[in-house]
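Side chains included, hydrogens not; waters and symmetry mates left out as well; all remaining heavy atoms used.
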Amino acid sequence: MKQSVYILIFFAFQSTFAQVTFIINKLSKNTPENASIYISGDFENWSGGQEKYKLSKTNKTYFITLPQQNGSINFKFTQGAWNNVETDKQGDDIKNRSYTFSKENDTVFVEVLNWNKNNTIKKSTTTNNVFILSNNFDIPQLKRTRRIWMYLPPNYNQTNQSFPVIYMHDGQNIFDSSASFSGEWEVDETLNKIYEKLNFSFIVVGIDNGQNKRLDEYSPWKNNKYGGGEGDAYLEFVVNTLKPYIDANYKTLGNKSNTAIIGSSMGGLISYYAGLKYPDVFGKIGVFSPAFWFSPEINTFSKEHGNIKNSKIYFLAGGKEGNNTGFQEINETVKGMCNIIDVIKKEGFPTKNIESKVVPNGKHNEELWRTNFEEAVLWLFKN
């Protein structure tokens, strides 16, 4: 208790720019004595633990101060990775913590009751037709590497036929809850059900996001506040490096009418941009909860490139997008999406090739994207 009082007095003399201080006043007994603890959330792209968000420690008390941000943030505490994330007392997953900025200087006491089942690795939830193509696939355009996931349809090895391909961003979140920070899309389970019901088959290529590079890679233009500007290089990798490799090594239908690109949030922005920039490559575009607010330049780009006659776009947004994100601007999701639809329609994009859906109670999360993925895929690929 004395330690907490000392810390409170310390922060009373700090600058008014220090808007909220989180103090862990109760810590699980199974925490290593010299553990490093991090706060990770939507404000830093759910990295699992960045050095700048490492908690300070005075004797046995951990604390961190975050500057004021617009609206709310969602977060959890980790020991530097998602396999060391905090849990409830029994070691089971907990919901994301949230905090809404409403005071100039606020102090919040929190309890960390346990860590991920004594730091064991979470069990994978992938089906048996999902595998890791590479843990370090080269991205020469960005001088980085990336993990690439593959989903092959249940009948892949029983036929000589070739298959449509869906390219998806945020690969950590589409197949495996143990790799995701906030749930998965269940793409593999959904496509297996589609195969069983309708005998439709697809290949899926999942590209992990670059964690702290995610915002940079998923926007072609720089946002002065959040970053961006590497979107063109990222798409050059997908189009000129990854897709040729997939087409050369797997039984794919490589033409535009059988190639989709799908993503959510920033992934929705870059998927939409890809569809307009590479209309001869991607004929099916899935734009879920698009972060058009991040890059206002997308409006001019849509006017210049929106006159595409033989591509299809499925747009999805939730009516409550602002309730589960750290970006206040995400409240503009539906408005921004409808505006872009109007723009491309005026430029000649056929109305029959656009499907737009707003889920009134939908939030900015995997549940919204997961529950509408099947509908999107079937609409995009129907004749």
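- Under the 3.5 Å distance criterion, with hydrogens and angles disregarded, no donor-acceptor pair is assigned to the side chains of Trp115 and Ser28.
- Residue Thr65 forms a side-chain hydrogen bond (donor to acceptor under 3.5 Å, both in side chains) with just one option from Thr21, Thr107, Asp106, and that option is Thr21.
- Atom CG of Leu191 is separated from atom CH2 of Trp185 by 11.5 Å, given to the nearest 0.5 angstrom.
- With rounding to the nearest 0.5 Å, the separation of NZ in Lys335 from CD1 in Ile340 is 12.5 Å.
- Side-chain contact annotation: Asn310 with Lys256, donor-acceptor N/O pair under 3.5 Å present.
- Ring centroids of Tyr218 and Phe294 are separated by 6.0 Å or more, keeping the two rings apart.
- Between Lys357 and Glu375, at least one side-chain N (NZ, or NE/NH1/NH2) sits under 4.0 Å from a carboxylate O, which counts as a salt bridge.
- Note: Tyr234 and His169 meet the aromatic proximity criterion, with ring centroids under 6.0 Å apart.
- Here Arg144 does not pair with Asp138 in a salt bridge; the nearest charged N to carboxylate O distance is not below 4.0 Å.
- For the atom pair NZ of Lys52 and CG of Leu66, the computed distance is 10.0 Å after rounding to the nearest 0.5 Å.
- Cation-pi geometry between Lys57 and Phe63 is not met at under 6.0 angstrom from the ring centre and within 45 degrees of the axis.
- Side-chain contact check for Ser40 and Gln50: no donor-acceptor pair (N or O, by modelled atom type) lies under 3.5 Å.
- No hydrogens or angles considered: a donor-acceptor pair under 3.5 Å links the side chains of Asn255 and Asn258.
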